[in-house]
**Q** 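After the C-alpha cells below, expect a handful of questions from me.
Order of the sequence lines sets the chain letters (A, B, ...), proteins ahead of strands, with each chain counted from 1. These figures come from a predicted structure and were not determined experimentally.
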2 protein chains.
Amino acid sequence: MRDEISEHTTNRLSLYVRFLNELDEKGVRTVSSSVLAGQFGLNAALIRKDLAHFGDLGVRGVGYVVKDLRRELQAILGLDRKLAVSIIGAGNLGLALADYPGFRREGFRIVALFDTLREKVGQESRTGVRIYDIQELREVAHREGITIAVIAVPAASAQQVVSTVVEAGIRAVLNFSPGALRVPPDVKLKSVDLTVSLESLSFYLASVESGGRG
Amino acid sequence: MRDEISEHTTNRLSLYVRFLNELDEKGVRTVSSSVLAGQFGLNAALIRKDLAHFGDLGVRGVGYVVKDLRRELQAILGLDRKLAVSIIGAGNLGLALADYPGFRREGFRIVALFDTLREKVGQESRTGVRIYDIQELREVAHREGITIAVIAVPAASAQQVVSTVVEAGIRAVLNFSPGALRVPPDVKLKSVDLTVSLESLSFYLASVESGGRG
DNA sequence: CCATGTGAAAGTCTTCACAGCG
DNA sequence: CGCTGTGAAGACTTTCACATGG
C-alpha cells in the first residue's frame with residue numbers, strides 16, 4: 001500500500017469485492033482479469049493495474065484465487081472490522097438509509113440515528129435503529145465507536161451538522177445534502193448529490209433532442 | 001453545443017445553477033469565475049472552460065450576469081421543462097426518493113411510484129405520489145409523459161426492472177441498485193452505488209490507520 | 001501455454017499563463 | 001484595468017503490447 005491510490009481505483013475495488021462474494025458463493029475457485037473486465041465493462045489491464053497496487057495478488061497463467069483476493073480486498077477496504085455508522089437526520093431519507101440492507105450486507109453496523117425533533121427522539125426505525133438527540137452525538141459516538149457519519153438533513157442545516165460531527169471526533173462523512181460543505185483536511189467527505197444525478201439525465205435528454213448526443 | 005461535453009462538466013453545471021439561484025434570490029447581479037471557483041473549491045479556469053463550451057456567456061472585465069447565466073444553464077440542462085419522473089420500487093428508499101423535496105425544487109415532477117406488491121399498489125407516498133403496479137408502467141409512462149425512471153429495487157430484480165423500463169420507452173435511468181446493469185446504447189444509465197460510497201470512507205479510515213493517507 | 005504485471009503510448013481532464021476585449 | 005476565453009503545459013487515467021514466470 002505504498003503509493004497513492006486514486007478514488008477511481010478504490011471505488012472499483014468495492015465492485016470487485018461484491019462480485020468475488022458472488023463467485024465464492026457459487027464455488028468458483030479462480031477468476032481472471034478478463035472475466036472481471038467483462039463483468040464490469042472495463043479493460044482487463046485496468047483491473048490488473050488496480051490490483052497490482054497491493055502486491056502480486058495473482059498467479060500467472062491462472063488468474064486470481066477468489067477466496068484469497070476477496071480476503072485481501074476486504075482487508076484493504078477495511079471491511080474486516082464491522083465499522084459502526086450513524087445517520088444524522090431521521091427524515092424520510094435518513095430512515096431509509098438506516099434500514100438499507102446493502103450496508104449491513106457489506107459489513108457495516110448502523111448503530112444510531114440522530115435528529116433534533118423531540119417527537120422523533122426515542123423512537124426507532126423499522127429495523128430498530130434508535131433515534132437520539134443530536135446533542136448526544138459525542139457521547140453515543142464514543143460509546144458505540146462510531147467512525148462514519150451519514151448526513152441526511154436539509155441543506156440549510158448541513159454545514160452546522162457536519163461541524164458537530166467533526167467535533168464529535170468522526171473523521172469520515174458521507175453527505176447526501178446538496179451544496180458545498182467545509183471540513184478540516186484530516187476529515188474525508190464524500191458527497192452524493194441526488195439532484196445533480198437527476199440533472200445529468202435531464203441534460204442527456206435535452207442534448208439527444210437537440211441533435212447532440214450526451 | 002457542438003463538441004462533446006463530459007459528464008464532469010455537466011455535473012458541475014448543476015452545481016453552478018443551484019448557486020446562481022441563491023445569488024439571484026439575494027439580488028446579486030454578476031458573478032466572476034473566481035467567486036464561483038471559491039464557492040466550490042475549483043480552479044477558475046475550469047469554470048470558464050465549462051461555460052465556454054456553450055458560447056460566450058460572460059462579459060470581459062465584468063464576469064457573468066447571474067440571471068442570464070442561470071437561464072442559459074437551465075436551458076442547457078433541460079431544466080426549463082418540468083420533466084416527469086417515476087420511481088420504480090416503493091420500498092423505504094423508493095418512498096423516500098419520491099418525497100425528496102430537492103427533486104421538486106429543481107423542477108422535476110415525481111408523478112408515479114411502481115411496485116409489484118398487491119398491498120402497496122393503490123397506496124400513496126406521504127406527499128401523495130400514487131403507487132401503481134409495475135405492469136401499468138408502459139401505460140402510465142405514456143399518459144404522464146415520463147422520461148426518467150429511478151430504480152430503487154433489490155439487486156436481484158434490478159436487471160429485469162430496467163429492461164421493463166426500457167421497453168416502456170424510457171431513455172434515462174437513475175439506478176440505486178448495486179451491481180452492473182445492461183442497457184441499450186441509446187439509453188442513458190447513471191448509477192449511484194450507496195455501498196461503494198460508504199466503502200470508500202472505510203478505505204480512507206483503514207489507510208489513515210496504516211499510515212497511508214487515502 | 002496462459003494470464004499476470006508493467007513500461008510506454010494514448011486519451012482525458014485540469015491548471016497555467018496570457019492574449020483579447022468590454 | 002479586470003475578467004473572460006483559450007492554446008499550451010501538466011497531471012491524471014486508461015489502454016496497449018509484451019516480457020515474465022508459474
**Q** Is Lys188(B) salt-bridged to Glu7(B), cutoff N-O under 4.0 Å?
**A** yes

**Q** dA11(D) P sits how many Å from Glu4(A) CD, rounded?
**A** 16 Å

**Q** Could you run through nucleotides 11-19 of chain C and give me one letter per nucleotide, 5' to 3': B if any protein heavy atom sits under 4.0 Å from the base, S if only the sugar-phosphate is that close, - if neither?
**A** --SSBBB--

**Q** Mind running a 4.0 Å heavy-atom check of residues 29-40 of chain A against DNA chain C and sending the residues that fall below it, in number order?
**A** Ser32(A), Ser33(A)

**Q** May I ask you to test the Leu57(B)-Val65(B) pair for a side-chain heavy-atom distance under 4.5 Å?
**A** no

**Q** Hey, is Arg12(B) close enough to Asp50(B) for a salt bridge, meaning N to O under 4.0 Å?
**A** yes

**Q** In a check of side-chain contact (heavy atoms from CB on, under 4.5 Å) between Leu189(A) and each of Leu181(A), Val165(A), Val166(A), Leu174(A), which one passes?
**A** Leu181(A)

**Q** What distance do Ile151(B) atom CD1 and Phe176(B) atom CZ have between them, rounded to the nearest 0.5 Å?
**A** 10.5 Å

**Q** Can you list every pair that meets salt bridge (Lys or Arg N to Asp or Glu O under 4.0 Å) and has a residue in residues 55-68 of chain B, with sequence neighbours left out?
**A** Asp24(B)-Lys67(B), Asp68(B)-Arg71(B)

**Q** Tell me whether the rings of Phe203(A) and Phe54(B) are parallel (<30°), tilted (30 to 60°) or perpendicular (>60°).
**A** perpendicular

**Q** Tell me what Leu57(A) touches on the nucleic acid: a base, only sugar-phosphate, or nothing, going by heavy atoms under 4.0 Å.
**A** sugar-phosphate

**Q** Within the structure, does a side-chain N or O atom of Tyr64(A) lie under 4.0 Å from either OP1 or OP2 of dG22(D)?
**A** no

**Q** Which word best sums up how the rings of Phe40(A) and Tyr16(A) line up, parallel for under 30°, tilted for 30 to 60°, or perpendicular for over 60°?
**A** tilted

**Q** Using heavy-atom distances to pick each residue's nearest nucleotide on DNA chain C, tell me which of Gly61(A) and Gly55(A) is more 5'.
**A** Gly61(A)

**Q** Report the distance from atom CG of Asp56(B) to atom C1' of dG5(D), rounded to the nearest whole Å.
**A** 7 Å

